[in-house]
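What follows is a single structure, written as structure tokens, with notes after it.
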Amino acid sequence: MSLLEGLNPKQKEAVLCTEGPLLILAGAGSGKTRVLTHRIAYLIKEIGVEPWRILAITFTNKAANEMRERVDKLVGEGSEDIWVSTFHSTCARILRQDIERLGYSRYFTIYDAEDQKTLIRECIKELNYNEKNYPVGSTLGEISNQKNELISPLEYEKINRGDFRKEKYSNIYKLYQKKLESNNALDFDDLIFKTVELFTYNPDLLEYYQNKFQYILVDEYQDTNTAQYKLVNLLASAHGNICVVGDDDQSIYGWRGANIRNILDFEKDFKNAKVIKLEQNYRSTKVILEAANHVIKNNYGRKAKRLWTENEQGNLIELNETFDEHAEAEFVAREIIKQIEDEGREYKDFAILYRTNAQSRVLEEHFVKHNIAYRLFGGIRFYERKEIKDLLAYLRIIQNPCDDLSLKRIINVPRRGIGAVTINKVEEFAAANNMNFYDVIRDNETVSVFGRAATKLKDFADLIGALQIQASIGSVTELIEELLKRTGYLEELENENTEESKDRIENIKELISKAADYDNKEGEEASLEGFLEDVSLVAEVDNYNEGDNAVVLMTLHSAKGLEFPFVFITGLEEGIFPSYMSIVSEREDSIEEERRLCYVGITRAREKLYLSYAKSRTLRGQTQYNRASRFIKELPKELINLGKANKSSDPLAGIRQRNRILNNYTPYESALKNKIPAPKNITLDYKEGDLVKHFKFGVGTVEKISHAGADYEVTVNFPKFGQKKLMAGFANLKVVD
DNA sequence: CAGAGACTCGAGGAG
DNA sequence: CGAGTCTCTG
């Protein structure tokens with residue numbers, strides 16, 4: 001039987017166990033995609049399951065596409081009927097069908113993070129709250145957390161009555177949701193939430209999908225949040241044929257609501273669940289795997305497992321301490337060049353991983369200097385660029401005229417002499433008459449209220465009207481070309497004739513070519529809403545192409561699921577990785593999540609792993625001196641080879657480095673003590689006994705102030721978090737009077 | 001209404 | 001240090 005050929009016994013077992021609940025604990029590099037695809041093929045070819053009865057859910061489009069491709073090869077005809085897609089696109093597809101039952105139209109817009117922030121800013125203003133007290137970012141986080149937990153605005157209000165701050169959040173949440181509805185828009189979290197809601201209020205629909213999907217597979221189960229968990233449970237509860245694949249050690253999305261309990265408690269949730277562990281790794285050398293195992297064993301509450309491999313021993317892990325982040329980047333660049341020149345390697349064999357996107361800049365600089373071909377992921381996504389968002393806003397308003405947010409974005413882009421004053425007047429009028437912006441300006445009678453501005457507004461409404469007609473008769477590509485012509489958007493950029501405007505024009509061309517790809521791919525099925533949906537739901541890494549011969553630069557988070565012969569993990573410093581936020585976090589699990597992230601990073605490497613940290617690092621114009629990351633100290637020294645990175649600025653560095661790394665295994669008394677701010681004149685405006693406020697811990701009493709180098713160590717007692725030792729230069733304590 | 005220049009303030013990861 | 005916001009002037 002060819003479908004089982006080349007699988008190890010555990011993998012075979014996972015393919016053959018088709019009925020009932022199954023948890024596959026798949027360690028890094030243990031061939032889980034292979035198991036999943038063969039399992040799907042086995043269901044169809046051997047068990048005789050109809051392809052359209054299978055639902056396979058992943059987190060990224062890249063994973064979905066890869067699975068789709070491999071299944072197509074194994075199954076052949078009929079495989080296109082299998083639903084292989086991400087959580088978000090699965091939900092979007094279901095909602096396009098039946099969301100009218102929830103009072104939205106099927107032409108709804110999907111808002112991204114930037115749109116969400118704009119909308120929340122509007123809400124805060126409208127409620128007359130101070131953005132300083134309710135920062136957009138944390139407000140959005142609070143709302144997103146509620147949605148991930150399936151808590152509606154009304155429930156949130158009920159739960160938090162009497163909590164001053166949360167009552168404010170509650171009002172924002174309510175208004176925000178109201179605005180989304182009136183704009184006929186959903187945010188990312190709504191895609192899942194609304195689908196669950198749809199099923200909850202419409203048992204007939206739920207039953208339909210329960211019957212349809214007799215076999216459900218979920219990838220990366222450790223990253224599911226409560227809403228996603230609920231969705232899967234609703235669909236699977238009737239027949240119980242649910243197969244989830246995951247690795248609790250790779251759970252790195254707790255901050256966006258992922259609940260690690262979903263995988264840890266699977267056996268409790270589904271009675272008679274079978275568990276299969278895939279522990280043989282086919283990816284990495286023994287050294288790399290050993291290092292990964294050593295780091296992760298410092299976490300508590302894991303499912304017992306230990307990865308092993310038959311691969312060769314391999315190179316030692318190379319550890320480098322550098323003077324600063326420039327020396328680190330320079331070292332990485334030179335090492336890549338050396339490997340290419342001496343060992344015949346290619347650019348695409350290398351990946352540079354870091355904790356935060358801000359770290360990529362210096363690396364880029366040095367790569368440019370050395371002419372190294374690289375591909376940067378993260379930072380500003382293609383679809384987040386200003387000119388692209390502008391054009392998408394046009395497309396959105398054409399598709400969904402209720403979308404006030406998009407309309408306001410482009411009503412004066414390019415400039416049509418419609419300013420803030422006019423926009424405010426129209427908005428007030430619209431609110432008073434319970435209308436959408438576009439309704440007001442497209443109607444001759446209502447628009448005439450606005451006197452001199454009326455003509456301009458009406459012209460704009462007519463423009464949108466004309467483009468709507470174009471949308472109904474032509475392809476998406478033609479629509480974009482027509483809109484560029486009619487609005488004069490491209491012309492304006494051409495007249496500017498700067499480096500920047502040339503860049504923007506290039507991006508617009510790129511968008512047109514993406515639209516053309518979409519039109520070709522979908523053929524008769526192509527539609528504006530389909531294109532906008534695709535665009536909203538692509539992730540940056542989805543565009544990663546193994547064939548491109550370029551060094552890859554990305555965050556550790558983005559690297560999950562990928563592998564490279566050579567991996568550099570940079571910025572291994574206390575306060576960077578693990579991050580400052582995780583060190584001071586009140587969440588018990590947050591350092592453990594950083595450690596899992598480290599584990600993910602290490603296990604991306606096939607042949608050789610480089611770790612590096614800089615003694616000093618300049619961030620936001622301030623230089624900090626951080627100690628080497630605790631994760632480095634968790635590695636066995638016999639696996640480590642000290643590198644010869646540039647330490648020209650300090651001739652004794654070699655000796656110090658050796659002493660420091662090999663002998664300094666003492667655990668940290670307090671993580672915060674590791675941070676020694678740059679020498680600067682610090683004056684404290686508080687003294688012992690004063691009340692001070694910390695951004696995270698709130699108000700507390702200063703108990704002790706002592707010198708610590710150029711800084712002060714301040715001991716503060718916080719009612720909620722207990723006693724904390726903080727560095728004054730870093731903690732930004734404010735006096736409360 | 002639009003554009004230039006001053007000013008403030010921020011600590012992370014992403015579909 | 002740099003993005004994003006605010007203020008002032010033509």
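Every chain is numbered from 1, with letters handed out A, B, ... down the list of sequences.
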### Message
Under 4.0 Å, heavy atoms only, any strand: does A:D112 hit a base, just the sugar-phosphate, or nothing?
### Response
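The answer is nothing, as A:D112 stays clear of every strand by at least 4.0 Å.
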### Task
Assign A:T422 to base, sugar-phosphate, or nothing according to its heavy-atom contacts below 4.0 angstrom with the strands shown.
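Contact class for A:T422: sugar-phosphate only.
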### Message
Between A:G419 and A:L619, which residue's closest nucleotide on DNA chain B lies nearer the 5′ terminus?
### Response
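So the residue in question is A:G419.
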### Query
Taking for each residue the nucleotide of DNA chain B bearing the nearest heavy atom, is the 5' side occupied by A:R415 or by A:R620?
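Its nucleotide being nearer the 5' end, the pick is A:R415.
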Would you call [X] and [Y] a salt bridge, using N to O less than 4.0 angstrom?
{"X": "A:D115", "Y": "A:R409", "value": "no"}
{"X": "A:R385", "Y": "A:D503", "value": "no"}
{"X": "A:E122", "Y": "A:K125", "value": "no"}

### Query
Between C:dG4 and B:dG13, how far is it from one P atom to the other, in whole Å?
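After rounding to an integer number of Å, I get 14 Å for this pair.
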#### Entry: Spacing of the C1' atoms in B:dG12 and C:dT5 (rounded, Å)
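Here C:dT5 and B:dG12 have their C1' atoms 23 Å from each other.
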#### Entry: Ring centre gap for A:F429 and A:F450 strictly below 6.0 Å
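Close enough - the centres of the two rings lie under 6.0 Å apart.
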### Task
Only counting residues at least two apart or in another chain, list the ones meeting salt bridge (Lys or Arg N to Asp or Glu O under 4.0 Å) with A:E563.
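Salt bridge (Lys or Arg N to Asp or Glu O under 4.0 Å) check on A:E563 returns A:R283, A:R606.
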### Task
Using the test salt bridge (Lys or Arg N to Asp or Glu O under 4.0 Å), find all partners of A:E364 that sit at least two apart in sequence or belong to another chain.
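Per chain and number, A:E364 pairs via salt bridge (Lys or Arg N to Asp or Glu O under 4.0 Å) with no residue.
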In whole angstroms, how far is the [atom2] atom of [N] from the [atom1] atom of [X]?
{"X": "A:M554", "N": "B:dG12", "atom1": "CE", "atom2": "C1'", "result": "17 Å"}
{"X": "A:Q359", "N": "B:dA11", "atom1": "CD", "atom2": "C1'", "result": "13 Å"}
{"X": "A:E131", "N": "B:dC9", "atom1": "CD", "atom2": "C1'", "result": "12 Å"}

### Task
Examine C:dC1: is either OP1 or OP2 under 4.0 Å from a nitrogen or oxygen in the side chain of A:R361? Give yes or no.
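Answer is no, no contact under 4.0 Å.
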#### Entry: Under 4.0 angstrom between A:S585 side-chain N/O and B:dG12 OP1 or OP2
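Checking B:dG12 against A:S585, no side-chain N or O comes under 4.0 Å of OP1 or OP2.
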Dump every N/O contact between nucleotides 13-15 of chain B and the protein below 3.5 Å, one line per pair.
unit_1 : atom_1 : unit_2 : atom_2 : d
B:dG13 : OP1    : A:N357 : N      : 2.6
B:dG13 : OP1    : A:N357 : ND2    : 3.3
B:dG13 : O4'    : A:R355 : NH1    : 3.3
B:dG13 : N3     : A:W255 : NE1    : 3.1
B:dA14 : OP1    : A:T555 : OG1    : 3.1
B:dA14 : OP1    : A:S558 : OG     : 3.0
B:dA14 : OP2    : A:N357 : ND2    : 3.4
B:dA14 : O4'    : A:R256 : NH1    : 3.3
B:dG15 : N2     : A:D189 : OD1    : 3.0

#### Entry: Side-chain H-bond candidate by donor/acceptor type, A:E328 with A:S612, under 3.5 Å
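Distance-only check passes for A:E328 and A:S612.
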